[in-house]
Every structure is written in C-alpha cells, then in structure tokens.
Amino acid sequence: MAACAALAGCGAQSPLEPKSDASRQIATIWWVMLAASVVVFAGAVALLAMGWLRRERKGLPFVGEREGLSTALVVTFGMLIPAAALIPLFAWGNFTVLGATDAPDPGSTRLTVHVVAHQWWWEVRYPGARAVTANEIHIPARTPVNLVATTDDVIHSFWVPQLNRKIDMVPGKTNRILLDADEPGRFRGQCAEFCGLQHVHMGFFVQADTPARFRAWLERMAEPRRAPTTAQQKQGEQVFLDEACSGCHTIRGTSARGDVGPDLTHLQSRTTLAGLTIPNRAAYLRQWVRDPQHVKPGNKMPAIGLDRRELGALIDYLESLR
C-alpha cells in the first residue's frame, strides 16, 4: 500500500492542471461550460420554485398577468438562455478547441514517438533511433511531438490529461495526438478504455526534459546493454539467456530477442515496473520476477521457478542494466 501511495503521488492526473496549450483549451471550455450549466440550472430551479409558489389554488384561476409572466419566464429560461449558452459553446468547441487538440500535421513536428499498447503495458519507440523503453515516454519540452498510437491486442485509450485529450487505440488502426509540454516535468497518463483485468494498472509517465537532456537520454538509450562486470552478474546474464526470459524480452547486445514483454536493455533507467504498479527497486524487482502473478494478476509473465542463488544472480544482473 505504501508503494502504491508513493507512486500515486509521482504525477498529477487532472485536466484542470493544464501544462500545454491544448490542455489549457480543454480546461478553459470546461470552466465556461460549468458556469453556463450553473446559470441554466439555477434558472430551471427558479422556475420550479416560482411555479410552486404561484401554483393555482382552489377558486383562484391562474390567468391574466400571472399567466403572461410565467410564459415569459419559461421562454427566457427554457429556450433563450440555453440557446445563448449552448450554441456558442458548440461553435467554440468544434472550431477552436478541436483544432487546438487535434493531431498535428506530421511535417510540422521534428519528433515522432510511436507508442504501442499491450495488455498491460506501453511500448515506446523512437523512429530513426534505436531507443526503446516501456511505460515512460520521454519528450523534449517546448517542442511539438507527433505521437503515433497503435495497439497490439484489444482496444486501449491513450490519455495524458495535463497535455491533451484522449485518443482511442483500435486494432488495425493508427491514431495520432500532439504532445507539447510547456516546461520540463513529469505528467501521468493512463489507459482510459477498459482493456481487461489489469486496466487500472496500465499507467505511464510522460517525462518532458530540456532539449539537451532529451538528446543525451536518446543517445544513451540507443546503446546496447552494459556488459556484466562481476562473476555474479555474468551468471545472472546466463540465467536470463538460458531460461524463458530471453524468449519474451530483448536485451540488445545479447542473443535475447523476445518481443512479448518490454525491452530490458536499459531497465534501470525506468523508475517503475509493471506499468507503474511498483517502484523499480531491488526488493520489488525480486518480488516481480519470483511471483509476477501475485503483483499483477493476469499478465503474460510466468514464474520460472529459480532457486535462491539463480534468482540473486539474475536480480544483480538486471540491476546493472542502466
């Protein structure tokens, strides 16, 4: 529980705390819609109250001046005010907000990021570079990014509330969205479409860095794995290659070429494991490898039944992948 609480506080997830022009447009129209709905609702309540107070009483017909006033109020609050509120909101939303939040022209951005949704994690690739990561999307701040979204299995939905609206990820289809963070920071995202047992544990981070820091990160992620330096780490790499791990995961610089689970070449560059479910620390990593179904039931990673010595060597090796 403490780990979950710590992870929950790692990044805000509210569209009312905008960190980009697109999300500001969404937040602004939300507040205006709220104000308009309060006015319309207040008018409806006022009409109900007036109707009750001025209701027809026995022996006193509801005619003349009272009837005319009530008709005027119904027309004003039931037709004119809603029309005056909803028509401009419809026009604003369709012609301004949708344009600001729509996918960018691919030629207008200098960076494209490809995100593939899986049950239940996010694969992140950078076309033109060898960098591959999972559940943590790095982008340069103050730079429009064309995010291309696809899915490897069922319908998912990509949503970073502080940066833009949500988009669906439908099998066989490609969708796009603009990410353009105002400043460096970490922004939490989430799958917003029920996609199976662990839908709630399918989170991710968007890490916006300064352009220089982002370029350095991209170059580092393109490198192959750091070769093991100790006897235990070498043993751990051999355990990884001999067991089922290498059939599901890739570690560049080794013979492991699996594509079922995340690329682990730079595992220790990430702050979380299992789609933001647990922190990326040795104790949690050990628990995850030993019994993954207990940590995240229904995921595709099996328990491989290592003895204590093999497990210790494997964790030591995985801890060296920076």
Side-chain angles (χ1 to χ4, degrees), residues 3 7 113-127 129-138 152-153 198 201-205 207 216-296 298-306 309-322:
L7 288 175
V113 178
H114 186 194
V115 174
V116 184
H118 303 267
Q119 288 179 310
W120 292 273
W121 61 282
W122 305 86
E123 178 183 354
V124 187
R125 294 183 176 272
Y126 295 77
R130 297 188 64 190
V132 183
T133 187
N135 305 317
E136 298 185 14
I137 304 167
H138 287 247
D152 187 53
D153 37 55
Q198 288 294 322
H201 291 147
M202 191 170 171
F204 61 93
F205 285 132
Q207 177 66 50
W217 176 86
L218 197 63
E219 291 174 2
R220 188 169 68 254
M221 291 300 104
E223 297 172 355
R225 65 91 171 88
R226 180 182 296 179
T229 57
T230 68
Q232 176 147 310
Q233 289 174 5
K234 291 177 182 177
Q235 180 190 0
E237 182 172 77
Q238 197 58 51
V239 170
F240 184 93
L241 297 175
D242 291 343
E243 297 292 341
C245 313
S246 60
C248 293
H249 297 279
T250 289
I251 295 181
R252 284 177 280 122
T254 73
S255 60
R257 291 291 184 271
D259 59 2
V260 177
D263 185 305
L264 303 181
T265 305
H266 297 284
L267 174 63
Q268 292 307 312
S269 68
R270 303 167 199 165
T271 57
T272 68
L273 299 168
L276 274 61
T277 306
I278 53 177
N280 188 4
R281 297 202 291 267
Y284 291 97
L285 179 58
R286 178 183 292 270
Q287 180 186 11
W288 174 237
V289 172
R290 185 176 62 242
D291 189 3
Q293 296 305 315
H294 177 76
V295 176
K296 196 170 186 177
N299 78 87
K300 295 180 181 178
M301 183 170 164
I304 54 179
L306 300 176
R309 182 178 56 81
E310 291 173 326
L311 180 61
L314 177 60
I315 298 304
D316 192 29
Y317 170 63
L318 295 175
E319 285 277 293
S320 74
L321 298 177
R322 302 184 180 277

Query raised in the report: For R125, what residues pass the salt bridge (Lys or Arg N to Asp or Glu O under 4.0 Å) criterion, not counting sequence neighbours?
Result: E123
Query raised in the report: Can you name the residues that form a ring pair (Phe, Tyr, Trp, His ring centres under 6.0 Å) with W217, not counting sequence neighbours?
Result: Y126, H138
Check whether any side-chain heavy atom of [X] lies under 4.5 Å from a side-chain heavy atom of [Y], and answer yes or no.
X	Y	result
W288	L318	no
C245	I304	yes
M221	S269	yes
L311	R286	yes

Query raised in the report: Applying the side chain to side chain contact (heavy atoms under 4.5 Å, CB included) test to L273, which of N135, L267, V289 qualifies?
Result: L267
The criterion is side chain to side chain donor-acceptor pair (under 3.5 Å); which residues satisfy it with [X], sequence neighbours excluded?
X	answer
R252	none
D152	H118
Q119	none
T133	R270

Interatomic spacing from [atom1] in [X] to [atom2] in [Y] - rounded to 0.5 Å:
X	Y	atom1	atom2	result
S320	I315	OG	CD1	11.0 Å
T271	N280	OG1	CG	7.5 Å
E136	L276	CD	CG	7.0 Å
L314	E243	CG	CD	9.0 Å
Y317	Q238	OH	CD	10.0 Å
T272	W121	OG1	CH2	13.0 Å

Requested in this report: Could you tell me whether the side chain of K296 and the main chain of W120 form a donor-acceptor pair under 3.5 Å?
Outcome: yes
Query - Pairs flagged by salt bridge (charged side-chain N to carboxylate O under 4.0 Å, His left out) wherever residues 309-322 is involved - sequence neighbours left out - result: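 Output for this query is empty, none listed.
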Report task. Sorted by first residue and then second, give each salt bridge (charged side-chain N to carboxylate O under 4.0 Å, His left out) pair with at least one member in residues 219-233; sequence neighbours left out. Result -> R225-E237
Can you give each donor-acceptor pair under 3.5 Å made by side-chain atoms of residues 254-263, sequence neighbours left out, with the distance rounded to 0.1 Å?
| residue | atom | partner | partner atom | Å |
| --- | --- | --- | --- | --- |
| T254 | OG1 | I251 | O | 2.7 |
| T254 | OG1 | A256 | N | 3.1 |
| R257 | NH1 | T254 | O | 2.7 |
| R257 | NH2 | T254 | O | 3.4 |
| D263 | OD1 | T265 | N | 2.8 |
| D263 | OD1 | T265 | OG1 | 2.6 |

Requested in this report: Decide side chain to side chain contact (heavy atoms under 4.5 Å, CB included) for Q198 and N299; before the verdict, give the C-alpha distance in whole Å, the side-chain angles of both, and the deciding distance to 0.1 Å.
Outcome: CA-CA 8 Å; Q198 288 294 322; N299 78 87; 5.9 Å; no
Report task. Go through the structure and list residues passing side chain to side chain contact (heavy atoms under 4.5 Å, CB included) with A117, not counting sequence neighbours. Result -> W122, T151, H156, M169, M202
